[in-house]
Amino acid sequence: MSNSRAPANLGKNDPLFGWLPRNVTSEQVLKAMEGDVNPFTKRPHSAQYKKILEARKKLPVFGQMDDFLKIFTKNQIIVVVGETGSGKTTQLTTPSTAVYRVTTRRIPQFVCYSDLPHTKGKMVACTQPRRVAAMSVAKRVADEMDVPFEKQVGYVIRFEDMTEPGTTFMKYMTDGMLLREAMNDHELSRYSTIILDEAHERTLATDILMGLLKGIARRRFDLKIVIMSATLDAQKFQRYFSLEGPEKPVPLFKVPDRTHPVEVLYTQTPEPDYCEAAIRTVSMIHRTEEPGDILLFLTGEEEIEDACRKIKLEADDLLNQDPDSVGPLICIPLYSSLPPQQQQRIFDPAPPPRVPGGPPGRKVIVSTNIAETSLTIDGIVYVVDPGFFKQKVYNPRIRVESQLITPISKASAQQRAGRAGRTRPGKCFRLYTEKDFMTELEEQTHPEILRTNLANTVLELAKLGVKDLVHFDYVDDPAPESLMRALELLNYLAALDDEGNLTALGSIMAEFPLDPQMAKMLISSPEFRCSNEILTIVAMLSVPNVWLRPPNQRKKADAAKAMLTLPGGDHLTLMNVYNSYVNNKHDKNWCWNNYLSGHALMQAENVRSQLLRTMEWYEIDLVTTQDERRLWTNIRKALVCGFFMQVARKEGKKNAYLTVKDNQVGQLHPSCGLDTSPEWIIFNEFVLTTRPYIRTVTEVRPEWLLEYAPNYYDLSTFPNGEMKRALMRALNKRTLKTVAGMGSTASSSRADSTAPPVQDMQALNVSRNSGHSAEQKKKKKKRRSRR
DNA sequence: GAGCACTGC
């Protein structure tokens, strides 16, 4: 075991070195905590720390730390739950002045005092599902341990590595980040203990990490694992992590989470319209309940904005009618696509009384699920819970993801209610009956792995060295159809060979933080001499929508968008927007005047430079063709290399398109910037909203499909129909051209190989397709005449 | 002629 990462100032004679980390007792930890010198920095404890320590000493809660250390030292894997209480109320046990409560937050610190990762050149990792949590918790823990932030205690999230190699031993990180590390270090050998926090959220990354860690634990006896979760899942994890079989569950440590009691009220009868009922309830609280802020949960942007308007109207009416008994009210919307500055408004104080001594004001926050876990707002006393949220569901049969408004789970309902009791006792109004709560709501929200497209995950698993994806030890097995769809896609992309093994190309694809289609397109793009452009397009496709469309300025916003739109296709328009943004020196005012989200564009720039670093690492050239006439054609060919499975052909009239092989009918989305409706298109998304829509589209030529995706467009296996006939016509045209003297090229030989290795892609020849430019000119002329 | 729940790499 190497000590190279241990701080240099730690000598062999250090008393800490003599500790047996696995047998540490609470007395030893207390001694270390109370000593003059901080054992982690070797510097004197700060005055502030000593003051806190004095207060701690008065509290008889150290017994729990002892219990934890006993369990932790004796076992390789344990589950820790924070009991949020159940049933109608939660108990208030100790006053909130308690300085050294044992909470789930403190567990990683106890782990450090016991594990002493810095003495053996290792680290303790603690994962979080969200970036903000990783950052803020790391900061707090550094303070509590009396060590400098971003030194001994640091964090790693995408774009930000706030750790110091050799010094940091307590590392907070997002779950996705640890998964990335595992791709290149399958044993996670840098860590002596790994803590998975918020495991009950069951994010895709946490689920995969759980499977990996269980495997690593069998090989690395020196690795300890702590799973932290809400109560409801505990038994499941205890059984899952048992290396000796589910009848011998791993030990559980319970931490009481202290919050204020929340009174939960149900409606007597079901509410037919939850939005209307929600507004009515907020109004009722405002009229009849004690002062205190309100949090209302709705499902999406439109609902929220609408509710805010109505609540404000009603409250203003009330204020005018009866200024002596009700105070003023502000209503603040909260959802993730709001610019950060507007999100900050939730921390504004409630408005003051209209006249001195009059009834106090009230703040109402109308929010999506974001306020359920990601953002905490102090001062909330009333929660209004209609019982719904929007959930992503994936249909592997037609390969479509959509958002559905669905009832929440009991666990979610409990979490929402808890938001009312953070500062003082509160009330939660559930807009459904108690009977429905008991009988209709599921215990838990379905884990993400059951509801999502697994293409990315399967590629990650392959890169993680998992040989048998179907029999991998999942906490919950994903749907076999989803796995099959993912394997199929990755095979067509040549990331996996016919035996399901990772190819050289697939290995590089996995290194990019992108969907496999986009990674493939980016890696292929130098062959078309347009990697510079594809890089931009990929970055733009990786960030949220850049187009702003404020409800009262839609026409202006649409006009601004039209100015930046290129008729060639939405992908080209995205590139144009990015280039204009850069040419205008990243000016926020320029963004604002053009109804563009400066925030999203900044993100795109960030993503672009991150991807560029990966490209450089793998020596993928950044090039732009000198022949401008061909640039757009080449970009579209590169699109085909990644997205050949997302192609549709025009069918009949009215902009209806039929997707290749999946046979789904969809319309061009109204946001689409094409000025014609071409026969063949390639699309980025097929979305199911009020109708099936095809979004972000660009015209392609059928002969490119045959040429760059010969396996998928193998006409001998293609289902009969108009689509096949159209492709046959294209094939015949191409054969004629080839015979006419362009000479045989790599494409004909490639048609038979299943998974072209990376170097084979060098064989793609760009110079062959000059024949199309004449056709395109004709088309342009046609377009112009129609205007 | 319409939306984008929320994360994460």
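Convention: sequence-line order gives letters A, B, ...; per-chain numbering from 1.
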Identify, between K390(A) and P513(A), the residue whose nearest nucleotide on DNA chain B lies closer to the 5' end.
K390(A)
Where do S412(A) and E372(A) land on the side-chain contact (heavy atoms from CB on, under 4.5 Å) test, with the steps shown first?
CA-CA 8 Å; S412(A) 257; E372(A) 193 179 300; 2.7 Å; yes
Find the distance I408(A):CD1 to dA5(B):P and express it as a whole number of Å.
17 Å
Counting just side-chain N and O atoms, does Y335(A) come under 4.0 Å of either OP1 or OP2 of dA5(B)?
no
dT7(B), dA2(B), dC9(B): which one has an atom nearest the side-chain heavy atoms of R130(A)?
dT7(B)
Y595(A) vs D558(A), test: side chain to side chain donor-acceptor pair (under 3.5 Å). Steps then yes/no.
CA-CA 9 Å; Y595(A) 292 87; D558(A) 290 348; over 6 Å; no
Any N or O donor-acceptor pair under 3.5 Å from the base of dG3(B) to the side chain of R695(A)?
no
When the distance from CG of N184(A) to C1' of dC9(B) is rounded to whole Å, what number comes out?
13 Å
Quick check on dG1(B): is either OP1 or OP2 less than 4.0 Å from any side-chain nitrogen or oxygen of S671(A)?
no
Is it true that the side chains of Q610(A) and R158(A) contain a donor and an acceptor less than 3.5 Å apart?
yes
Under 4.0 Å from OP1 or OP2 of dT7(B): is there any side-chain N or O of R202(A) that close?
no
For dA5(B), does OP1 or OP2 lie under 4.0 Å from any side-chain N or O of T299(A)?
no
Can you check side-chain contact (heavy atoms from CB on, under 4.5 Å) on S409(A) and E443(A), steps first, answer last?
CA-CA 5 Å; S409(A) 64; E443(A) 292 295 327; over 6 Å; no
What nucleotide, of dT7(B), dG1(B), dG8(B), holds the atom closest to the side chain of Y693(A)?
dG1(B)
Considering only dG3(B), dT7(B), dG1(B), which nucleotide approaches the side chain of D558(A) most closely?
dG1(B)
Relative to the 5' end of DNA chain B, which residue comes earlier, G176(A) or T368(A), by the nucleotide with the nearest heavy atom?
T368(A)
Return yes if a side-chain donor-acceptor contact under 3.5 Å exists between E160(A) and Y155(A), otherwise no.
yes
Choose from dA2(B), dC9(B), dA5(B) the nucleotide whose nearest atom is closest to any side-chain atom of K392(A).
dA5(B)
Of the options dC6(B), dA5(B), dC9(B), whose atoms approach the side-chain atoms of E301(A) most closely?
dA5(B)
Looking at R549(A), I'd like to know whether one of its side-chain N or O atoms comes within less than 4.0 Å of OP1 or OP2 on dG3(B).
no
Measure from CD on E198(A) to C1' on dC6(B) and round the result to the nearest Å.
14 Å
